Every structure is written in structure tokens, then in C-alpha cells.
Number of protein chains: 2
Amino acid sequence: MSQPATVADVAAAAGVSRQTVSNALNRPEIVRPATLTRVRAAIDELGYRPHASARRLRTRQSSTLGVRLPPVHGISGAVLDRFLHALVERADERGMRILLFTATDLDDELAHMERLVEGSDVDGFVLTSTAHGDPRAAWLGERDVPFVTFGRPWGVPDMDDAPHPWVDVDGRAGLREATAGLVARGHRRIGFLGWPSPSGQGDERRLGWRDALGDAGLGAPPAGSADAGLGAPPAGSADAGLGAPPAGSADAGLGAPPAGGADAAADGATGAGSGSASGAVDLACEDDVAAATAVVAAALQGGTVFDAVVCASDTLALGARFALGAEVPVVGYDDTPVAAAVGISSVEQPLDAAAAAAVELLMGSGRSVLPASGGHRLLAPHVVWRG
Amino acid sequence: MSQPATVADVAAAAGVSRQTVSNALNRPEIVRPATLTRVRAAIDELGYRPHASARRLRTRQSSTLGVRLPPVHGISGAVLDRFLHALVERADERGMRILLFTATDLDDELAHMERLVEGSDVDGFVLTSTAHGDPRAAWLGERDVPFVTFGRPWGVPDMDDAPHPWVDVDGRAGLREATAGLVARGHRRIGFLGWPSPSGQGDERRLGWRDALGDAGLGAPPAGSADAGLGAPPAGSADAGLGAPPAGSADAGLGAPPAGGADAAADGATGAGSGSASGAVDLACEDDVAAATAVVAAALQGGTVFDAVVCASDTLALGARFALGAEVPVVGYDDTPVAAAVGISSVEQPLDAAAAAAVELLMGSGRSVLPASGGHRLLAPHVVWRG
DNA sequence: TTGAAAGCGGTACCAA
DNA sequence: TTGGTACCGCTTTCAA
């Protein structure tokens, strides 16, 4: 067992040529069964394993996908983590491996990608979301390097005809389901807590909330009500909200149409301080627990009444939870361990399906990466209800 | 730019032999400066990059480290995430890359590792903590495959003479610092919330808490008070070390014995009931927010008075926070985004240093993995104070 | 210091 | 179907 066995050894042991060994391994169907058995026996006996680098040199395929490990991801880090996990598994099923790289900025990332491509280290990439004019996409496109993004290419005119394949989760559908679920549970004054516009994902999720309110005849505030850029309040400004008073007044009961009708629900839209009684309030702040707490607390202070709140992230949801207490249902997004731990309902992304779709877009149904192509998948998430 | 350039192309362009090109790349010091310049110019001009697989085939080095992406990691997932990130960077500095693999169980993991090793896909591994008799360590050891673990090898008699190199973070020192910091801030009734024994990391952290109490002359409950083989109690059951007898007689402590002084300072500091006067309570439950909340709440109910609580994890800390409110300081462990978000102090692991140490143990100061060796690094974490 | 030639371990191509 | 041979791109060995 000193020197690892090579094809030559196996060939000799089985009394065949090296080529036959290779065939037995890669295209068993064209080898006569008897020969195959003999070769396989020899392989087992010698403990032979093909040398991956030798094969890659010859075939000019690295069977490797490059993935950038994004810098830092806050509370939602687990999402990428889980996606990565699923990706490794799905890739493995197709004989592909995942090579990691990191980068400090876009230029650095490009440099890394260039090295990997030119060193034939990878056959393609799985990138996180790209935006219009993203230099990575352009660079890869020019060189016909196959890649797929997890996250749609924001900013392109027609996403159905995107410049590159992508996979994404339909946050709009997710928030729609979440909101509808709350409606079904009898809630009526359902607020939304998201990020300031413009934000690709954030705006999508807001739309989902609006959709559901519309579906339920609850009406939604005029589009853009919260877009008036309440600049991100400084973090930590008000974690006093921890002990915030519970929303005092209750909800309209199940089944009973909310008093005041649809439009009334939109009154007073955003912000702290307006004395609106409506719960269909559209709040926004940066993705930070303290900021979220502050925003929600301020809204309560201003007289806003919430029956429930759906959020664009678990971070925001956690903040909202602190401000609202456990009595007012909050739904987050990403189903992070924190949400599970704290008992907050959350929209769970189908990460395994996303990974599978990414691999499929890159490789079709075969075992090698296809030439750069198009296509995309928009996957529906689902709510994990808790509490 | 159709066909990537090879050494031959560069050699031709520079008017030298292929060998000289190779030397210019790998051992520039033995090439005459003039020639070097010429070769480098040709390389730049042609955009030449060495073909990684070809090099690996020839050198029999994959320049790749295998890392298993652990199954699921809860609230502390970010830890591994950040370690991985740092590892990729540190490895990159040494010309090494990180290849991911996953596995459903130990057997599967072994199978994957075997494939990677025998296919010469990796030169070594970075594994998460191993325990005594871990088949992975044995398997790798037998084959002289270099590897290092992040996490010490629990269960070996003498860790200074461990069977393989390891890197770990000194949780004991971390909790000692956390506890001492609380003492310095005037807290006296400092409880500990950890995991049921036996738990390698958990028991270490508990010791750190005890150390600091001892240092401060506050005394700690007799060792083992919570270790009495409470096999992990079901979630939510709040019995664990609850009734831990107060450490009436403290040890000498440093400087002036606190006697009444220190203790008096703690009197009534916390809002719970009366009952037990000691806050040096040693609690334990599984790593779950709800369970932690329950345990702490039960302790409060039972009359325990807490001045502050140090925890074995941010998960537990979050649970404690829920039970105690924001007035009683809680210190967690891992400095996860959640702790930051919620404003809980936490012991931060020096993940970048850990990654650097892992690489160094594997590669020394060179650019290739050394034969399996020994050695280890125990790194001191530090508390990030908040609130 | 530089050059020529021989592999590293597989697979592609072609002939048998 | 099987076997022979060239060759993937680089580095190592040995001469010059």
C-alpha cells in the first residue's frame, strides 16, 4: 500500500489495457460484462482511485464550482450557510465540488475569480445576487464562464430575459402567505416592517404584504408611503423598547369584516407619532434589532395599533418582538435559528431546492457544466408558524 | 485569447526554454534578473496562468485543504462561518484553497475523506473537534494524512501531548474574564448558566466562572454541584443545579477578603424574591432559548437572587435575558450577531487567530502541508461588553 | 544559469 | 469491444 495504484496497475492485474480500465470506470456500458467484472475486481483489490488532477488535466474540466464566501452576514448568516450546505450536497451528487474563495471588495473578487478561471481551477461559479452593471457578471459573460446567481439580477429591465441564469426565492409570495395566514387567524391590523426603499428584496417583500391585504379587502397604504427615506436611525438608539408596553387594544374578531372598511386601514401610514389607529402601517428602518425596536415602539407611542406585524427579516422581527411583546404575532423572514429559538414565526426559504436549481441551471441534467446559458427559477418559500 | 497560454508559449515569446519559465515562476531567485524580467514580460503579455491541475499532477500536491461543513449549527452557526471565512483567507495567503464537503454521519464523512485523500484532492484536513477514539482521527493518523482540529481532542488523558495538532479557544479564560469583569463592575451575585455535564467546552467554561469567583473571594459552589450526572434533562425542565448550596465559606481570595463588604453591596440588587441569598448559582440546561428562560425563571421563582449571569453560549444568554430583563447583566459566549443585535455582552472567540494557527500547525511557515505532526494552540478570547 | 527530455496519471483518438 | 499511442501542462532530473 505504499504507492497508490494507477490505471496501469489495474490494467496489468486485470490483464487488459489501460484504456479498458478507463472505460470500465467512465463508460461501463460499452465494456463487456465479463471484462468489467474482472476490472472491477482488480480495482477493489488494489484499492485503486483515479487521480483527480490527472483526470482534470486531461479532460480540461475541474469539476469544481467556485463560491464566494460573503464577508460577514449578520443574523441571517445562517441562510447562506444552509444554502452552501445544500449546494455542496447537490453538487456532490453530480460529481462536482465546491471551492471557496473570499474577497474584500469587488475588484478583489474579480481578481480571485480570474485566477480561478485561468488556472482552470473551476468550471463555473455560484454567486450571490448581482445588480445591473455588476462587473462580475460582465466579466464572466465576456469570457463565457458559466455561472448562476443566487438572487435575481436586480435592475435589469426584464428579469425573464436576464443576462445570466439565476435562482431566487419569491419573497413577495412569502410575505403574501405570511400576511394571508395572519388574516386567516383573525388579524386585521397587520403592519409591515421593512427596509427603506430602494431595496430589491425589501420592496418585493413589501409588495407581498400589500398583495395579501388587497386580497383580504383590507387595503394597503399607497405605494411608497414608507419610502420617504426615514434614514436609518442610529443603532442602539432606543433599545429601551425592550420593555415597551403591549399593544393595548385588541383586534376585530375572526370573520367579522374590520370596521371602517378597507381604506380606513391605510390611514396614517408611517412613522412614529401620527396618531393613527390603523394597523396597516408600513414601517422601515435598517436591518438592526435596536432600530427595529425603536421604530415599532415609536409607532406604538404615536398611537398606532398593531394586530400583527410581518417583517422583511428575522432581525427586524426580533426588534418588533421586543417592542410588541409576545402577545402580538410577528412574522420574520429567513427562519433563522434565532427565530426558532425565540418562537417567532418566519418565512423559510427553500434553500435545498434553490441549491438544486442552481446546480441544474449550471449543469442541466448531466455531470458537467454546460456553456453559459440562461434560464431562472423563482421558488416559493413557506411560513413556519410558531407560537 | 482563444487558447490559454502555456509555459511553452511563454518560453517561445521570451526566447527561453520552458524550464526557465517554470523556474521564473517557482524559484525566481535562481534565475538571472534580466531573464526574469523578460519572462515576466512575456507572462504578462500573454496573460499566462499556470494550469493548476497540471501542476498538481506533477508535484503531487493538491494545495487544497478539505473542510467539512458541519450539518446544522444553531444560533452559533456564525462562529463556524467566521472561522471558515478566516480560514479561507489565511489559507489563501499560503497558496492553499479550501474544498468543502459534507456528510450525514461519521461513516459518510470517512467515506468522503477517503475519496478526497485517495483522489489526491486534498493535502490535509481541518476538522471540527474530535473526541477520544474518534474514527476520523484514527483513520487519518494511520495514513499519515495531516490534519488539525478546531477544538481540542476531548477525552485524551494529556492534552499537551495530544495525538494530533489542534487549535482551540480557552473558554475557561473567557468566562473568567467575563466574570471578573462583572465583579469589577460591582456585581457579586453572579450566576452561571451552562450545559449539563459532561460537556467538554461547557465544563471548561463553568470552571472559568468558578475561577473568577474564587479570585474575587466570592467563593464558588463546590465543584460538581451541577455535574452530578444529570444526563441532559428534557428541554424546559428546570431542575438542574438549581438548589446548588451557596458557597458559604469562600477561599482566601486576593487582597482583602470581601467579608461582609462585598456581599452587602449585592444585597437587594436584584428584583426577585428573597429566599436564597447567594447568587453564585450554577444552572444547567440544554442549549435552547426557551429552556434557558425556563431554568432562570424557575430559579428566580425559587428565590434565587442574581446580580448578573454568565452563560456558556449566546443561546443561553438570550434565554436568561428573557427571564431577567435588561437590568440584570448577562454575558454570553460566541459574540453571535444575535448578542450584538440584542445588546448582550459576549465572549468573542479570536476566530481569525484560530484560523491562522490552524494553518500554521498544518504548514509551519512554508507553503506546503507538512507531514502529520503535533502541537497545539490555546487562544484566549475576550469579552465584548455591551449595554 | 539554462536547455533537453522524461514522466506525473488519465483519457481521446484511431486501428485492430 | 479492445488495445496502442499521443498528449493534457507542468516540473524534475540530468547535461551542457
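Residue numbers start from 1 in every chain, and the chains themselves are labelled A, B, ... in the order their sequence lines are given, proteins ahead of strands. In this text, all values refer to a predicted model and were calculated from it rather than measured experimentally.
Mapping B:Leu57 and B:Ile30 onto DNA chain C by nearest heavy atom places B:Ile30 at the nucleotide closer to the 5' end.
When the C1' atom of C:dT1 is taken as reference, atom CZ of B:Arg32 falls 7 Å away, rounded to whole Å. Atom CD of A:Gln61 and atom C1' of D:dC8 are 13 Å apart (whole Å). Rounded to whole angstrom, the span from the NE2 atom of A:His51 across to the P atom of C:dG7 amounts to 18 Å. One interatomic measurement links the two molecules: CG of B:Asp9 to P of D:dC10, which rounds to 9 Å at whole-angstrom precision. To the nearest angstrom, P of D:dC10 lies 16 Å from CZ of A:Arg56.
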In B/S/- notation (B base, S sugar-phosphate only, - none; protein heavy atoms under 4.0 Å), nucleotides 11-16 of chain C written 5' to 3' is BBB---
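Set against C:dT2, C:dC8, D:dG4, the side chain of B:Thr35 has C:dT2 as its closest nucleotide.
A close approach under 4.0 Å does occur between a side-chain nitrogen or oxygen of B:Thr20 and OP1 or OP2 of C:dG3.
Counted by atom type alone, A:Arg18 and A:Asn23 present zero donor-acceptor pairs between their side chains at under 3.5 Å. A donor-acceptor pair shorter than 3.5 Å can be found between the side chains of A:Asp123 and A:Ser62. In the model, B:His112 has no side-chain atom that pairs as donor or acceptor with a side-chain atom of B:Thr102 under 3.5 Å.
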For A:Arg82 and A:Asp352, run salt bridge (Lys or Arg N to Asp or Glu O under 4.0 Å): C-alpha distance rounded to whole Å, both residues' side-chain angles, the deciding distance at 0.1 Å, then the answer.
CA-CA 8 Å; A:Arg82 283 166 47 209; A:Asp352 194 71; over 6 Å; no
CA sep, side-chain torsions, deciding dist, call: A:Val122, A:Met96, side-chain contact (heavy atoms from CB on, under 4.5 Å)
CA-CA 10 Å; A:Val122 301; A:Met96 302 289 293; over 6 Å; no
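Using bins of under 30°, 30° to 60° and over 60° for the plane-to-plane angle, the ring pair A:Phe101/A:Phe125 lands in the perpendicular bin.
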